[in-house]
Amino acid sequence: MKKIGILTGGADCPGLNSVIRAVVRKAMQEGYVVTGIKNGWAGLIENDMRILDLRLTSGILDRGGTILGTSRFRPPLSPEHLRTITENFKRSGIDALIAVGGEDTLKIALELINYSSLPIIGVPKSIDNALSGTDYAFGFDTAVNIAAECIDRLHTTAESHHRIIVIEVMGKYTGWIALEAGIAGGADIILVPEYPINMDEVCNALTIRHKRGRSFSILVVSEGAKIQGLPETSFEEGQRLHRVSNIGETLANIIEERTGYETRVSVLGHIQRGGTPTAFDRIISTRFGIKAVELVKEGKFGKMVSLQENKMHYVDIKVAVKKRKTVSDEFFQIAKVFMD
Ligand code: F6P
């Protein structure tokens with residue numbers, strides 16, 4: 001009987017458990033045994049794994065987080081980690097590994113494929129929706145819905161108090177969450193990393209809007225948005241990844257000082273990654289999990305399952321991580337219609 005290993009790596013997000021559940025169900029139907037590797041790549045370094053069965057994976061479809069736990073490992077892996085993972089993988093008797101994760105997890109999968117030809121299949125997870133080769137990664141839709149709901153709530157308090165509210169959302173390198181949640185929440189200004197802007201433009205737009213008779217405004221900003229004239233935040237430092245950019249706070253201070261309008265800031269942070277997945281995310285993560293087992297059966301390794309025009313496909317992991325999927329001009333122009 002063949003053994004499939006599954007791990008969830010990098011940042012958690014809603015939908016990870018739906019993938020695990022789907023993989024176990026489909027794998028058992030196909031006559032495979034599934035081993036859950038604990039805490040992402042750390043589980044393969046520390047040999048921490050256990051067999052997953054229907055009992056352990058039922059009732060988890062709608063549960064946020066991951067029953068397997070996760071950890072952050074940033075590429076490149078050290079030679080020692082590459083060696084240990086390869087040795088433990090071979091010793092465990094796993095025939096194929098399903099690695100569920102974003103950019104870092106899949107880049108590490110690629111390093112392992114290049115280092116020792118490990119048979120790995122990737123499943124795209126990313127609240128930032130930054131992976132190429134797939135229309136959506138799971139987790140993104142939930143994050144957008146949570147952020148849009150928060151924007152709605154902040155709208156009513158901004159309006160009552162005649163204030164500007166700056167809402168900082170996640171997205172270090174790509175502005176998908178800010179853009180989609182901002183459009184859905186009717187934001188007046190949306191700032192994303194892909195389209196740098198200067199503070200004069202921001203303050204002018206707010207002043208014009210207020211002179212038109214509106215007494216409040218909503219500004220949504222990605223944590224990694226670039227503001228011309230302000231120092232850029234570096235999020236990376238070797239194996240560490242920082243989240244805090246303070247961009248929301250910085251913007252709010254400058255806006256209040258320059259326009260004279262009372263301004264508040266709200267940083268949504270990890271709330272965007274918690275809790276139950278949307279129906280859309282439950283469905284795509286279930287489809288991804290089933291497709292991943294099908295690829296194991298067909299022996300198509302080095303691939304990432306993907307959603308293209310609502311059909312299940314697969315692409316080379318190499319393609320998925322080569323270049324980030326950034327906000328397209330077409331999409332940004334939609335937001336611009338409501339900013340001027
Ligand atoms: O990569 C997903 C993500 O949620 C980013 O949007 C965010 O910048 C980062 O993870 C936060 O990471 P951590 O949970 O390690 O602070």
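Atoms within a ligand are numbered from 1 in the order they appear, just like the ligands themselves. What you see is a predicted model; the values in this text were computed from it and never measured.
- Residue nearest to atom 8 (O) of ligand 1, selected from Lys125, His270, Glu223, Arg72: Glu223 (by heavy-atom distance).
- Within the listing of ligand 1, atoms 3 (C), 4 (O), 9 (C), 10 (O), 11 (C), 12 (O), 13 (P), 14 (O) sit less than 4.0 angstrom from a heavy atom of Arg273.
- Interface atoms of ligand 1 facing Gly171, defined by a heavy-atom separation under 4.0 Å, are 6 (O).
- Taking a 6.0 Å sphere around NZ of Lys226, one finds it holds more than 12 heavy atoms contributed by other residues, nucleotides or ligands.
- Only the side chain of Ile127 comes within 4.0 Å of ligand 1, counting heavy atoms alone; its backbone N, CA, C and O stay farther away.
- Near Met170, meaning under 4.0 Å from one of its heavy atoms, ligand 1 places the atoms 4 (O), 6 (O), 7 (C).
- Evaluation of the salt bridge (Lys or Arg N to Asp or Glu O under 4.0 Å) rule for Glu103 yields Lys107, Arg324 as partners, not counting sequence neighbours.
- Residues Asp281 and Thr142 have side chains that bring a donor and an acceptor to within less than 3.5 angstrom of each other.
- Note on ligand 1: Gly102 sits outside its first shell, no heavy atom being nearer than 4.0 Å.
- Salt bridge absent: Glu309 and Lys311 never bring a charged side-chain N and a carboxylate O closer than 4.0 Å.
- Under a 4.0 angstrom heavy-atom cut-off, Gln272 registers as lying outside contact with ligand 1.
- Asn47 meets the side-chain hydrogen bond (donor to acceptor under 3.5 Å, both in side chains) test with Asn88; sequence neighbours excluded.
- Between the side chain of Asp128 and the backbone N or O of Ala130 there is no donor-acceptor pair closer than 3.5 Å.
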